[in-house]
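In what follows, a structure is listed as structure tokens, so that the remarks can point back to it.
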Number of protein chains: 2
Amino acid sequence: MSQNQILQSLIAENLVSDPKGARGRLLKEAARLFREKGYERTTVRDLAAAVGIQSGSLFHHFRTKEEILKAVMVETIRLNTALMQAAMEAAETPKDKLRALVRAELESINGQTGEAMAVLVFEWRSLSADSQADVLELRDIYEALWLDVLGALRDQGRLLAEPFVVRRMLTGALSWTVTWYRPERGGLTLDGLTDQVMAMLGFPATP
Amino acid sequence: MSQNQILQSLIAENLVSDPKGARGRLLKEAARLFREKGYERTTVRDLAAAVGIQSGSLFHHFRTKEEILKAVMVETIRLNTALMQAAMEAAETPKDKLRALVRAELESINGQTGEAMAVLVFEWRSLSADSQADVLELRDIYEALWLDVLGALRDQGRLLAEPFVVRRMLTGALSWTVTWYRPERGGLTLDGLTDQVMAMLGFPATP
DNA sequence: GTCTATAGGGAGATAGAC
DNA sequence: GTCTATCTCCCTATAGAC
């Protein structure tokens, strides 16, 4: 399945909003603004203006501003879990699966859903404790994918560190790329960056 | 020089505030609150209450709230640059120097200055563009230390990836530990965590 | 150097017309 | 489903007394 087909099927199941609809467009703009200015500095007036309505009208779609933040995060995790699963299925060996996961996460962070992924990392504290608990449940599915693959590499003796530590280090390292990686400025492509991450972990690029 | 001696000499040079003085205590509380609730959600009333004064009195010490954020960041970088330099001087080989840097940065992030280090990472966007430029200058000195060591390892053929990419990955990975690493809960000591990071990079622990 | 009091501005959210 | 109008609250920062 292509990335677009995955998105379409999630929309059909009502797990993520159609980016063409009113709700989907708002969430997309919200992700952009939250990433750019931070959740707190983004006002409901900013959000409304970004989709061309008045601030009062927002509250027809969402009860509170925080509900918007939560929706951005929930839909992002749902989409990316599906993308990761698809990326892994195409790979055969644990090493190839790891590469697929790294590549897919870098793509999530630096591609179309990058703004929402950055929000997930940097605006976490702005989410209420209750909402955090809900979102964490979804995250566990996603993390299990990684731990399986890293565990297999560890069993093969090709990974010297503990899988759960490596996963947490990679979470930080890959998320952080959003602050510095600029593919459009030339230099490093997404595949090149993936090669660098694999090389850092001791897996030389196979040309 | 011990860590405490380094701190004392920076205080003597007026490069960081004495934690016992009024300014130093405020900055320490500010770091704690900014880390806990975020800069935007922390009010000047919160800051004042944390040191037992009224909000209006704060503005006798700092002209604006943002000036407090900037001071937290500047003093943190100054202290940590000095700590890193000292940590490196004690090591001989590039590998040992890398370990010393990793250990020192993990200690900065998870030790006494951890709150301020986390603020540096997570509240960056809350700093005005002008202040960001000032702080970035200080950061360059700090980063050069890392690139020298990673470059030496690369020359030795013991590092497969590009030094500047590895440094950025490590910045993310090590900063991220602040969100999950809890030494007091047992399990992993700071040295153990350092070993894990080194192992991840392909340098087995030497017992 | 700290206090009290308050100015001045925006913030999130609501109500009811269309 | 969007508009206008507005409520209420709380934020940063200032002023002047002590």
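In the text below, chain A, chain B and the rest are named by the order of the sequence lines, each starting its count at 1. Just so you know, these numbers come straight off a predicted model, no measurement behind them.
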**Request:** With sequence neighbours excluded, tell me which residues meet ring pair (Phe, Tyr, Trp, His ring centres under 6.0 Å) with A:Tyr181.
**Result:** none

**Message:** Test of understanding: with ring pair (Phe, Tyr, Trp, His ring centres under 6.0 Å), list the residues that count as partners of B:Phe203, not counting sequence neighbours.
**Reply:** none

Suppose the criterion is ring-ring contact (aromatic ring centres under 6.0 Å, His included): which pairs have a residue in [range], not counting sequence neighbours?
range	result
residues 85-106 of chain A	none
residues 110-141 of chain B	A:Phe122-B:Phe122
residues 5-41 of chain A	A:Phe34-A:Tyr39

**Item:** Results of side-chain hydrogen bond (donor to acceptor under 3.5 Å, both in side chains) for B:Thr177 - residues two or more places apart only
**Value:**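 For B:Thr177, the residues satisfying side-chain hydrogen bond (donor to acceptor under 3.5 Å, both in side chains) (neighbours in sequence not counted) are B:Asn110.
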
**Complete:** The first and last nucleotides of DNA chain D lying within contact of chain B, meaning any atom under 4.0 Å from one of its heavy atoms, run from D:dC11 to D:dT14

Return a table of donor-acceptor pairs under 3.5 angstrom between the side chains of residues 138-151 of chain A and protein atoms on other chains or two or more places apart.
| residue | atom | partner | partner atom | Å |
| --- | --- | --- | --- | --- |
| A:Tyr142 | OH | A:Glu105 | OE1 | 2.8 |
| A:Glu143 | OE1 | A:Arg167 | NE | 2.6 |
| A:Glu143 | OE2 | A:Arg167 | NH2 | 3.1 |

**Message:** For nucleotides 6-12 of chain C, give me one character per nucleotide, 5' to 3': B if any protein heavy atom sits under 4.0 Å from the base, S if the only such contacts are to the sugar-phosphate, - if neither.
**Reply:** -----BB

